[in-house]
Amino acid sequence: MGRDTIADIITSIRNADMDKKRVVRIASTNITENIVKILLREGFIENARKHCENDKAFLVLTLRHKRNSQNIFKTYRNRKLLNLKRISRPGLRIYSNYQRIPRILGGMGVVILSTSRGIMTDREARLAKIGGEILCYIW
């Protein structure tokens, strides 16, 4: 049985954010690199670099935390600032055409899709008028 690499990176990032860790190390594949590029471009993570160790490639992500100030920490003590949700999974694939791609928080969140032209956000897919498999929501 195969591993779900997308669910693994989403879980790693979510757990690190909940534990207030600044750095996350995830396995590097073509899909994870494309998703990390989208997260960088949309501003959900601060930095990403590729690291090789014993002939295995890893991506080292630096998460963006807004918890440095005392007032913000008290306000958001029990709230998560980064929410990720896996939608399509190996047992149940979810597809959408470009007209029915959901809008997360009225356009404030991001839907990541796997299309025939590669992995892209919901805004890019709507502009290109192509649909695909809905991988995850990020808000």
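We use all heavy atoms of the structure for the numbers below, so side chains are in, but hydrogens, waters and symmetry mates are not.
Side-chain N or O atoms of Arg64 include one that pairs as donor or acceptor with a backbone N or O of Gly43 at under 3.5 Å. The closest donor-acceptor contact from the side chain of Arg22 to the backbone of Leu63 lies under 3.5 Å. Thr5 places no side-chain N or O within 3.5 Å of a backbone atom of Thr29 that could act as its donor or acceptor partner. A donor-acceptor pair is defined here as one N or O able to donate and one able to accept, closer than 3.5 Å; no such pair exists between the side chain of Glu33 and the backbone of Asn30.
The two residues Arg123 and Gly109 make their nearest non-hydrogen contact at NH2-O, 3.8 Å. When every heavy atom of Arg86 is checked against every heavy atom of Pro90, the shortest pair comes out as NH2-CD, 4.2 Å. When all heavy atoms of Thr32 and Ala27 are compared, the pair lying nearest together is OG1-O, 3.3 Å. Across all their heavy atoms, Tyr137 and Pro102 have their closest contact at OH-CG, 3.2 Å.
Side-chain contact check for Cys136 versus Lys85: every heavy-atom pair is 4.5 Å or farther apart. The shortest side-chain heavy-atom distance between Ile9 and Ile35 falls under the 4.5 Å cut-off. Under the 4.5 Å side-chain criterion, counting only non-hydrogen atoms from C-beta, Arg100 is in contact with Asn97. In this structure, Thr121 and Glu124 have side chains that are in contact, with non-hydrogen atoms separated by less than 4.5 Å. Proximity of Leu82 to Arg14: side-chain heavy atoms (C-beta onward) are nowhere separated by under 4.5 Å. Taking the side chain as every heavy atom from C-beta outward, Arg126 and Met120 never approach each other to under 4.5 Å. Within the 4.5 Å cutoff, no side-chain heavy atoms of Ile134 are placed close to those of Ile112. Contact of the Val111 side chain with the Leu113 side chain is registered, since non-hydrogen atoms from C-beta on lie closer than 4.5 Å.
A donor-acceptor contact closer than 3.5 angstrom links the side chains of Ser88 and Glu133.
With respect to the salt-bridge test (charged N to carboxylate O, under 4.0 angstrom), the residues Arg3 and Asp8 qualify. At a threshold of 4.0 Å, the pair Glu53-Arg25 counts as salt-bridged, since one of the basic side-chain nitrogens sits closer than that to a carboxylate oxygen.
Two different hydrophobic clusters hold Val110 and Met108 under the rule that ILVMFWY side chains link at heavy-atom gaps under 4.5 Å. Ile119 and Phe44 fall within a single hydrophobic cluster, where Ile, Leu, Val, Met, Phe, Trp and Tyr side chains are chained together by heavy-atom contacts under 4.5 Å. No chain of hydrophobic side-chain contacts below 4.5 Å, direct or via other Ile, Leu, Val, Met, Phe, Trp or Tyr residues, connects Ile87 to Leu135. Hydrophobic cluster membership is shared by Leu59 and Ile10, with clusters built from Ile, Leu, Val, Met, Phe, Trp and Tyr side chains linked at under 4.5 angstrom. Both Ile26 and Ile31 belong to a single network of hydrophobic side chains, linked directly or stepwise wherever heavy atoms of I, L, V, M, F, W or Y lie under 4.5 Å apart.
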Could you walk me through whether Ile138 and Glu42 satisfy the side chain to side chain contact (heavy atoms under 4.5 Å, CB included) test, starting with their C-alpha distance in whole Å, then the side-chain angles of each, then the deciding distance to 0.1 Å, before giving a yes or no? CA-CA 10 Å; Ile138 302 169; Glu42 295 292 326; over 6 Å; no
Decide side chain to side chain contact (heavy atoms under 4.5 Å, CB included) for Ile104 and Trp139; before the verdict, give the C-alpha distance in whole Å, the side-chain angles of both, and the deciding distance to 0.1 Å. CA-CA 7 Å; Ile104 306 302; Trp139 71 95; 3.8 Å; yes
Go through the steps to decide whether Leu61 and Val23 satisfy the test side chain to side chain contact (heavy atoms under 4.5 Å, CB included), and finish with yes or no. CA-CA 6 Å; Leu61 309 178; Val23 177; over 6 Å; no
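Rounded to the nearest 0.5 Å, atoms CG (Asp122) and CD1 (Ile101) are 6.5 Å apart. Taking CG from Leu40 and CD1 from Ile45, the interatomic distance works out to 4.0 Å, rounded to the nearest 0.5 Å. Interatomic distance, Ser12 OG to Leu84 CG, rounded to the nearest 0.5 Å: 10.5 Å. Annotation: the span from Cys52 atom SG to Asp55 atom CG amounts to 8.5 Å, rounded to 0.5 Å.
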